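All figures in this text were calculated on a predicted structure; none of them were measured in a lab.
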Amino acid sequence: MYCTSTQLKLFSEQELIPPDVQSRLKLPQPYCDFMKTYGDGTYGGVICINCPDFQLLKEYAAYDFWEHENAPITKAQTAECIVIGNSIDGDYIALHPDRDGYILLPRHSDIISFFPFHDEPFLDTIRKISDLLYAEPWKDYDYFEPAGAHYLFLHKYKSDLHKMAKQFQAAFDYDYLIEDEYTCKVFLLRMGGYIRFNFSCSEIAIFYFDYGLASFQETKNFLMERGCK
């Protein structure tokens with residue numbers, strides 16, 4: 001997996017669990033290992049991985065958002081679930097103290113999915129969840145964005161962004177590249193982020209961390225010299 005930045009906010013297992021629940025809750029080790037290695041952030045541009053949220057689903061228990069017959073949790077147990085991630089479309093990835101697996105509470109379906117704990121790395125489970133939610137070749141989007149990046153949006157109207165993306169790739173020594181018919185993402189580790197060319201709406205986004213300010217300014221100047229505003 002490619003990591004877009006060297007600036008990570010890492011967590012110990014003790015930091016992930018409040019002291020008042022440490023005696024009755026054990027987080028899955030693969031998830032803890034990931035948070036100790038990479039911290040929170042977004043995988044593949046669509047799955048956000050976060051510190052445990054013990055309150056988020058409490059309000060959902062009163063509503064019939066999901067079908068609970070033959071589901072891994074009851075309606076009442078929804079309020080006890082701990083959210084550790086979500087998709088950008090509002091699907092929740094959760095845990096329950098009495099269930100040995102990851103629980104997917106989908107936004108656009110009433111069927112709750114369950115992924116039993118295995119010894120596999122946490123990202124392998126995240127890829128399975130991604131496969132269920134999105135029909136995408138995830139092997140081509142194997143990157144992680146640590147939380148905390150800054151961003152700038154620019155636009156270039158009446159211009160061929162495909163051509164500009166190629167010019168950028170030729171001018172800059174990049175570390176990773178993702179390109180399809182809709183977007184092009186050029187990753188610069190020295191900037192702590194990437195440049196995203198959105199071909200469908202003539203938008204260009206720059207994502208960067210503080211340590212990459214010099215590279216960010218160089219990138220910004222390159223784009224603005226070519227008419228981006």
Side-chain angles (χ1 to χ4, degrees), residues 1-4 9-11 13 15-18 21-22 24-147 178 180:
M1 180 186 70
Y2 176 81
C3 188
T4 64
K9 182 181 179 182
L10 308 181
F11 299 89
E13 292 187 37
E15 291 174 319
L16 293 172
I17 310 178
V21 299
Q22 287 181 4
R24 55 187 175 86
L25 174 65
K26 181 174 175 59
L27 295 172
Q29 194 60 48
Y31 165 73
C32 292
D33 291 342
F34 184 91
M35 297 301 286
K36 288 188 291 185
T37 305
Y38 296 102
D40 53 355
T42 305
Y43 174 72
V46 295
I47 301 294
C48 303
I49 301 169
N50 309 314
C51 288
D53 189 323
F54 293 80
Q55 304 298 323
L56 183 59
L57 288 176
K58 290 186 181 300
E59 61 184 277
Y60 288 84
Y63 302 96
D64 293 320
F65 290 131
W66 299 287
E67 176 61 54
H68 288 280
E69 184 177 357
N70 299 320
I73 55 171
T74 65
K75 183 178 179 180
Q77 286 176 320
T78 304
E80 303 169 345
C81 284
I82 303 134
V83 175
I84 61 168
N86 61 274
S87 76
I88 58 173
D89 296 310
D91 311 280
Y92 291 120
I93 303 169
L95 304 168
H96 188 277
D98 296 332
R99 297 310 311 267
D100 293 330
Y102 301 94
I103 301 163
L104 177 63
L105 298 159
R107 180 181 180 185
H108 299 296
S109 171
D110 57 4
I111 304 300
I112 300 173
S113 298
F114 187 69
F115 298 82
F117 291 150
H118 296 294
D119 292 332
E120 66 183 16
F122 180 63
L123 270 186
D124 286 355
T125 303
I126 291 299
R127 292 183 184 109
K128 292 177 182 177
I129 293 173
S130 298
D131 288 342
L132 181 64
L133 294 175
Y134 302 98
E136 296 286 349
W138 288 106
K139 61 181 177 59
D140 297 330
Y141 296 85
D142 191 28
Y143 69 98
F144 179 73
E145 303 173 59
I178 295 176
D180 56 32

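Between the side chains of Asp91 and Asn86, not a single donor N or O lies within less than 3.5 Å of an accepting N or O. Side-chain contact, Tyr141 with Asp180: a donor N or O sits under 3.5 Å from an acceptor N or O.
Separation of atoms CG (Asp53) and SG (Cys81) is listed at 12.0 Å; rounding is to 0.5 Å. Expressed to the nearest 0.5 Å, how far OH of Tyr2 lies from CD1 of Ile178 amounts to 10.0 Å.
For the pair Ile129/Ile93, a side-chain contact is recorded, criterion being any heavy-atom separation below 4.5 Å from C-beta on. A 4.5 Å side-chain heavy-atom check between Pro146 and Asp40 finds every atom pair outside the cut-off. Proximity of Ile103 to His96: side-chain heavy atoms (C-beta onward) are separated by under 4.5 Å at one or more points. For the pair Leu27 and Glu13, the minimum side-chain heavy-atom distance is 4.5 Å or more. Side chains of Ser87 and Tyr92 form no contact here, defined as non-hydrogen atoms less than 4.5 Å apart.
Closest non-hydrogen pair, Pro97 versus Glu80, comes out as CD-O, 3.9 Å. Looking at every heavy atom in both residues, Pro72 comes nearest to Ser113 through CG-O, 4.4 Å. Nearest approach of His68 to Ile73, heavy atoms of both residues: ND1-O, 3.1 Å. When all heavy atoms are compared, the tightest approach of Arg107 to Gly90 is CB-O, 3.8 Å. The shortest heavy-atom contact between Cys48 and Ile88 is SG-CG2, 4.4 Å.
Each of Cys32, Pro52, Cys51 was compared with Phe11 under the side chain to side chain contact (heavy atoms under 4.5 Å, CB included) criterion, and only Cys51 meets it.
Within a 6.0 Å sphere centred on CG of Asp119, heavy atoms belonging to other residues, nucleotides or ligands number 12 at most. Within a 6.0 Å radius of NZ in Lys36, other residues, nucleotides and ligands contribute more than 12 heavy atoms.
The aromatic ring centres of Phe122 and Tyr102 sit less than 6.0 Å apart. Taking the six-membered ring for Trp and the full ring otherwise, Phe34 and Phe144 have centroids separated by under 6.0 Å. Annotation: Phe65 is in aromatic contact with Tyr60 [ring centroid separation under 6.0 Å].
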Candidate pair Thr4 and Tyr143, rule side chain to side chain contact (heavy atoms under 4.5 Å, CB included), full reasoning: CA-CA 7 Å; Thr4 64; Tyr143 69 98; 4.0 Å; yes
Step by step, work out the side chain to side chain contact (heavy atoms under 4.5 Å, CB included) result for Glu67 and Lys75. CA-CA 8 Å; Glu67 176 61 54; Lys75 183 178 179 180; over 6 Å; no
Ile84 vs Asn50, side chain to side chain contact (heavy atoms under 4.5 Å, CB included): CA-CA, chis, key distance, verdict: CA-CA 5 Å; Ile84 61 168; Asn50 309 314; over 6 Å; no
For the pair Leu105 and Leu57, evaluate side chain to side chain contact (heavy atoms under 4.5 Å, CB included) and give the outcome as yes or no after the intermediate values. CA-CA 10 Å; Leu105 298 159; Leu57 288 176; 3.4 Å; yes
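At distances below 3.5 Å, at least one donor-acceptor pair connects side-chain atoms of Thr74 with backbone N or O atoms of Gln77. At least one donor-acceptor pair under 3.5 Å links the side chain of Trp66 to the backbone N or O of Pro106.
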